[in-house]
Amino acid sequence: MGKNNMPLGFTFSMSTNEKAMNNFARMSEEERAEILEQARNIQSKQEMEQLIRNLGDRDSFR
């Protein structure tokens, strides 16, 4: 998987949380790269769901 590709589980989970999608879109390139790196290292569906929930809960990207 290339460095710019989004993990499939991340993409799917992101599609279920509009606020997370919006927050991710507003991030800088560096912030998005950090989130994608975290997503690539996730080992379970529950961990991915938690990452997306946390991303959706962020208020700093409004």
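Owing to the predicted nature of the structure, the values given are computational and were not obtained by experimental measurement. The figures that follow rest on heavy atoms only: side chains count, while hydrogens, waters and symmetry mates do not. Along the sequence shown, residues are numbered consecutively beginning with 1.
Evaluation of the side chain to side chain donor-acceptor pair (under 3.5 Å) rule for E29 yields R32 as partners, not counting sequence neighbours. Residues satisfying the side chain to side chain contact (heavy atoms under 4.5 Å, CB included) test with E34, not counting sequence neighbours, are Q38.
Separation of atoms CG (N22) and CE (M14) is listed at 10.0 Å; rounding is to 0.5 Å. Here CG of L55 is found 10.0 Å from NZ of K19. Values are rounded to the nearest 0.5 Å. Here the CZ atom belonging to R58 is positioned 13.5 Å from the CZ atom belonging to R26, to the nearest 0.5 angstrom.
Annotation for R40 and N5: closest pair NH2-O, 2.6 Å, computed over non-hydrogen atoms. Smallest separation of non-hydrogen atoms from M6 and F24: CE-CE2, 3.6 Å. When every heavy atom of I42 is checked against every heavy atom of E47, the shortest pair comes out as CG2-CB, 3.5 Å. Taking all atoms of both residues into account, the shortest heavy-atom contact from M21 to S15 is SD-CA, 4.1 Å. Between N23 and G56, the closest heavy-atom pair is ND2-O, 3.6 Å.
Using a 4.5 Å cut-off on side-chain heavy atoms (C-beta onward), E37 and N41 make contact. Using a 4.5 Å heavy-atom threshold, the side chains of Q46 and Q50 count as separate.
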